[in-house]
Amino acid sequence: MPELEKTYTPAEVEARWYQRWLKDDCFKARPEHVSEKRPAYSIVIPPPNVTGILTLGHVLNNTIQDILARRARMLGKEVLWLPGTDHAGIATQNVVEKTLKKQGVIKHRDDLGREGLVAKIWEWKEKHGGIIIEQLKKLGASCDWSRERFTFDDDYNACVMRVFVDLYKKGLIYRGKRMVNWCPSSLTALSDEEVVMKAQNAIMYHFKVEVVEEPGTWLTIATTRPEVIPGDQAIAVNPKDERYAHLIGKHVRRPLPVEDQALIPIIADEHVDFTFGTGVLKVTPAHDKADFEIAQRHNLPAVDVMHPNGVLNELAGKDLAGMERFAARKRAAELLAEIGSLVKEEPYQNNLGYSERADVPIESRLSEQWFLKYPSVKVSQAVVANGEMKFHPDRWAKVYDHWMTGLQDWCISRQVWWGHRIPVWYSKGLGELNREVIVIECDRSPIEGQNIKELRASAWAWAESHGIIGHEFHNDDTNADIEVVKASLRHAFDNYGVVNVLLIPLLPELLKTAVLVATVPHEPFSPEMKAVHRYFAACRMGGKLYRVKFTVKERRDGHRLYDHQSAEIVEEKKVELGGDKSPAGRSDEGKLPTQPAPSSIVSLGHLVEEVKSTDDFVRCQLDSPGETWTQDPDVLDTWFSSWLWPFATMGWPEKTSTLKAFYPTTDLVTGPDIIFFWVARMIMAGFEWMGELPFKNVYFTGIIRDKQGRKMSKSLGNSPDPLELIASYSADALRFGIMRSAPLGQDICFDEKNVELGRNFCTKLWNAARFRQMQGGEVETEISAALLSSDDKWILLRLNTAIAEVSTALEEYRFSDATATLYRFFWSEYCDWYIEASKAVLQSGSAVSAEAGGTPAPHSRRTNTLAVIDFVLGHTLRLFHPFMPFITEELWHGMGFNADLPENQGGKSIMFAPWPKPLDADELAHFGILPEDEKAANDKYETVVLGRGLKSTFNINKKVRFVLKPNQELPSHEIEVIRILLNAEPLEVDAAFTPTKGTPSALTPLGTIFLPLDGLIDVEAERARVSKELAKVASELEKVRAKLADENFTSKVPQKVLDEHQQRETDWQEKAAKLKEMLAALG
RNA sequence: GCACGGAUAGCUCAGCGGUAGAGCGUCUGUCUUACACACAGAUGGUCGGGGGUUCGAAUCCCUCUCCGUGCACCA
């Protein structure tokens, strides 16, 4: 056995072992080894943000996973702990953008452009991406690093794309113009889950407006957002509200902007709560979700008065335009005051949605986004409800169920650049929806007629006389000619409405200005057709705007035939354009208005609005359909990639051996804060693409808080750096400390004291091992039943209990209970009692004297004790290994426990040593250990405690003489043990001992123990002490007697309880009698 | 507003129908040859308040208060 250093040096040991584990491929999962005899255990890491650094939350989370993984290895399972990182779209882009701005590299992301910025972020990722992984290694995480994945790797990206296309084809993904949560700081839409409500100290502004039809009647309106008044489209009251019912249908003058005080109607809507505020609600459709819904019910336009970055735009009026939203709020209030509209302002507390990432209030904003209707909802909900998948603690199942019941479609598009690009392609033009289209103006068509028949005739005549038929027209957009043939017009006239006929005179101009939007294959396939092109043009007739769609067949001979035409009315836009694709606030400025004025230029977006969903113009597929197609600029929500994590990391969609062996995973360990973001979505994805649940158990950790109960946060500065903790206390200490303070289902109150305690525990372990080593000899493996002392039996029983307790605790994810047991067992039971007691054997028959004595017994008592110690230590190290991998590995080898073991059974590493099992009934019988052996030792220890108590009471701190007056005869070995534990010199055992008056004594299970002090003691003090104890005993006795005297009690109580009470009475009575004797002896 | 979790020794928590527990802290001794990152001993609680069920309640039921969390949310 090599000698252990006097002090443990964790930094060196931890680094050395981790390298060794890596070198020996200890963490590698081998799917081919999985069999019925060797079951799989798998766990996927919740991927930390790639640019993140380790927090205590990660420490907690990953320590738990490591414990589970390491224990599974010891249970003989083939373990896969799959690591990786998350690209964390918005968060990462924010960080990099901010840094680049700080460094003065850019002023705005547009300076680099999409590709440039993404390239910079990749650079950043390469530089900083590995940090958290290295930190996890420091912690001891036993991940299979050869399988490390990143959610933005090429093949992972392919999975995301594939899933998107699949969902799109299933009709679960759609694009829509909706009110979404908009982050004015990150300039992107957010899902509902990314918005956190915060209580806010705001101001409620009350302002009044006069009813135009009833001069003198004023309505007072309460609002917290006066800056959006220019966007108000109505005043709403509840139709049941008698105060205002008569005003419905009348109008008020909107106070802002002052230069455009438009009349807006008073409408009736059930949504208005007439008990709230004044019962009058201003309706601002473009800036409030509820208002938007009201507006839809009443067909009101939505006027957006704000740029995406939160700066008010021109529609807010000259006073507010250009102002940031909070400044504009103050200014708007001032303006109201100036025009005499402001009634009062009062402090008001309300709840406001904040962007989780950027921590700024979000805006409700109408924009076009991609949404997902969740797949596999029912089965996902059921699997948790019916307990097939277990949540720990299970109360989270309720939270999950509640959320799954009220699922809202998921807004999955984000207007940032760092992320999985949406695999949707727009044919040429749709990618540039803001492109201007020339509107061909025509006050009145020369085509005349009383009915459609006459109109057609007139159009035919016009077309023939003006040489349209058979003519080729040059198209400016494509520089190609388009031929109009007779069939073209016939088709157009036959199939479409009046306008199609009326616009014939405009045809030359329309064909010239038409914009090519899509090129698609000819359907059905025809060998002479090369392609079919779709063009759009715009015209205005009689004040109305029309879009004109041309379908042009291109033959292989180069002819372009104008096949047919169509014209449809383009509704005047009530809402803003859908085409504002660049989320950059700056480039948006001045781009609005939302509503094209009669003479304004029309954008392509206006023309193609309703056709976007057809395959001709929009394709959802993995690769670009061709050069004439451009990809949707948006990227996907980060969680849209994370939700595939359990199988996308294992090689899906290939049916890999890894998937076969390790999916579904066994456990998932994560925080309850991402139950909706991640856990719920992974379950749905698991069912949707694997047809199976992704994991069988979910363990939710608590939230780490500081001593004052506050959440850890950067701004509070209350978040200790785990790496510093590791440096000063060791990784094992940090792991043990944090596990000790992490009860199931409750938040964790972090205190560095616990880490210190972990460190102390490591030291204790180290020293206990050293003690064993100092006794000399090799590892003893043979325990002789005949030579077992009561202490030996006791510690073996305690070990049995500890093994059982730790095993069950781990099975039930009660990690803090497991550590508490380990702590109690090793420190109190093993070190404080067993080791101390065993010194009776180890010190008396010392190694030296045994050797000197010629022929030592083949298996002396001393050797047997060492064998028990080795047995206990060997088991203890294994019990501890999942919690404290480094020191246990070091001691496992340092003590020589690995010797003679097969390589895969602990010879190479303790992590493959079998998990301890309690001695079974046969083994206990073999060793002659009975349950009552525990009591024998306990009685001895209690005697010792009482003796020590006497010493302490009388301030004796030297070795001193004790006398034990035993109840029955004691073996000499037991006496020696008591002597050593008591630090008595000597311990006399005398059944006939008669103490001198005033000798302090204590009643013990083994008899009465005396501390003879030869007149040194204060008789009065001793009398006081004994009297005090007697009083206590008497009071207990009285309590029991009172109970036993109560017939109500004795008649109703079960026999077992009655027996207990009667026994108690006897015990107290005996004690009281002896104490009285002692008092009498004191005189 | 709805739901869930918590309130037990100075601190962190266990106990969840039958004599109030652990660790840490505090106090007092001790450098006893594995360990002062230690050893020994002691101190400390009407189990958040009130009601009820029961022979018996920290434990079950009702109610209130306070803390935390999730969901919903009205200007």
Side-chain angles (χ1 to χ4, degrees), chain A residues 4 6-8 197 204-206 221-225 236 271-284 288 290-291 348 350-351 353 393 395-396 398-400 402-403 406 672-673 675-676 703 705 707 709 711 729 733 740-741 743 745-751 753-754 756-775 814 816-817 819-820 823-824 827-828 831-832 835-836 839 843 944-945 948-953 955-959 980-983 1036 1039-1040 1043 1046-1054 1056-1058 1060-1061 1064 1067-1068:
Chain A
L4 296 175
K6 182 154 175 27
T7 48
Y8 175 56
M197 301 305 283
M204 181 73 87
Y205 300 91
H206 295 254
I221 304 165
T223 181
T224 52
R225 304 203 62 189
H271 169 78
V272 181
D273 175 359
F274 48 82
T275 63
F276 186 89
T278 57
V280 186
L281 172 69
K282 70 187 196 64
V283 181
T284 325
D288 184 280
D291 287 9
Y348 178 73
N350 64 345
N351 287 325
R395 65 189 154 88
W396 293 110
K398 227 177 186 176
V399 175
Y400 169 82
H402 184 246
W403 189 74
D673 47 335
I675 184 167
F676 308 138
I703 311 261
R705 296 172 181 281
K707 269 190 269 184
K711 270 190 192 172
Y729 297 105
R740 220 181 106 82
S741 48
Q746 258 164 258
D747 285 356
I748 288 99
C749 181
F750 181 80
D751 187 342
K753 275 258 149 71
N754 278 314
E756 199 183 320
L757 187 133
R759 188 265 323 260
N760 295 353
F761 195 85
C762 290
T763 308
K764 189 75 179 173
L765 198 57
W766 186 259
N767 282 312
R770 275 183 67 231
F771 173 79
R772 160 64 188 93
Q773 213 174 43
M774 288 165 85
Q775 306 309 316
R814 289 181 289 110
S816 68
D817 290 346
T819 52
Y823 190 89
R824 186 208 66 220
W827 202 307
S828 326
C831 289
D832 290 348
I835 286 294
E836 292 307 318
K839 284 178 182 172
Q843 282 172 6
V944 170
V945 168
R948 286 168 177 170
L950 284 180
K951 255 176 101 170
S952 169
T953 311
N955 269 321
I956 313 289
N957 47 38
K958 294 251 163 63
K959 285 196 173 183
I980 285 181
L981 291 173
L982 253 182
N983 202 19
E1036 290 296 336
K1039 261 198 250 171
V1040 185
K1043 269 193 171 177
D1046 187 354
E1047 204 180 312
N1048 225 347
F1049 176 77
T1050 49
S1051 61
K1052 288 179 183 169
V1053 134
K1056 191 181 146 233
V1057 177
L1058 194 62
E1060 262 173 36
H1061 278 76
R1064 217 182 290 164
D1067 292 349
W1068 287 128

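Convention: sequence-line order gives letters A, B, ...; per-chain numbering from 1.
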Would you please enumerate the stems RNA chain B participates in, each stem being three or more consecutive Watson-Crick or G-U wobble pairs with both distances under 3.5 Å?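 RNA chain B stems, ordered by first number: B:1-7 with B:65-71, B:10-13 with B:21-24, B:26-30 with B:38-42, B:48-52 with B:60-64.
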
Report the nucleotide, chosen from B:C73, B:C35, B:C24, that has the shortest atom-to-atom distance to any side-chain atom of A:Asn351.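 So the side chain of A:Asn351 is nearest to B:C73.
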
Considering every strand and a 4.0 Å limit on heavy-atom distances, what is the contact class for A:Lys1043: base, sugar-phosphate, or nothing?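 Result for A:Lys1043 = nothing.
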
Donor-acceptor pair present, A:Glu836 side chain and B:A34 base, under 3.5 Å: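 Between B:A34 and A:Glu836, which were checked side chain against base, a qualifying N/O pair under 3.5 Å is present.
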
For [N] and [X] - does any side-chain N or O of the residue sit under 4.0 Å from the phosphate oxygens OP1/OP2?
{"X": "A:Arg1064", "N": "B:U19", "value": "yes"}
{"X": "A:Lys398", "N": "B:C71", "value": "no"}
{"X": "A:Tyr348", "N": "B:C74", "value": "no"}
{"X": "A:Trp396", "N": "B:G70", "value": "no"}
{"X": "A:Asn760", "N": "B:A38", "value": "yes"}
{"X": "A:Arg759", "N": "B:C37", "value": "no"}
{"X": "A:Lys839", "N": "B:C39", "value": "no"}

With the side chain counted from C-beta on, respond yes when A:Val1053 and A:His1061 share a heavy-atom pair under 4.5 Å apart, and no when they do not.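 A side-chain contact under 4.5 Å is absent here.
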
Donor on one side chain, acceptor on other, A:Asn760 and A:Lys764, under 3.5 Å: no

Would you mind checking if A:Lys753 and A:Glu756 are paired as a salt bridge, meaning a charged N to carboxylate O distance below 4.0 Å? no

What integer distance in Å separates A:Leu981:CG from B:G41:C1'? 15 Å

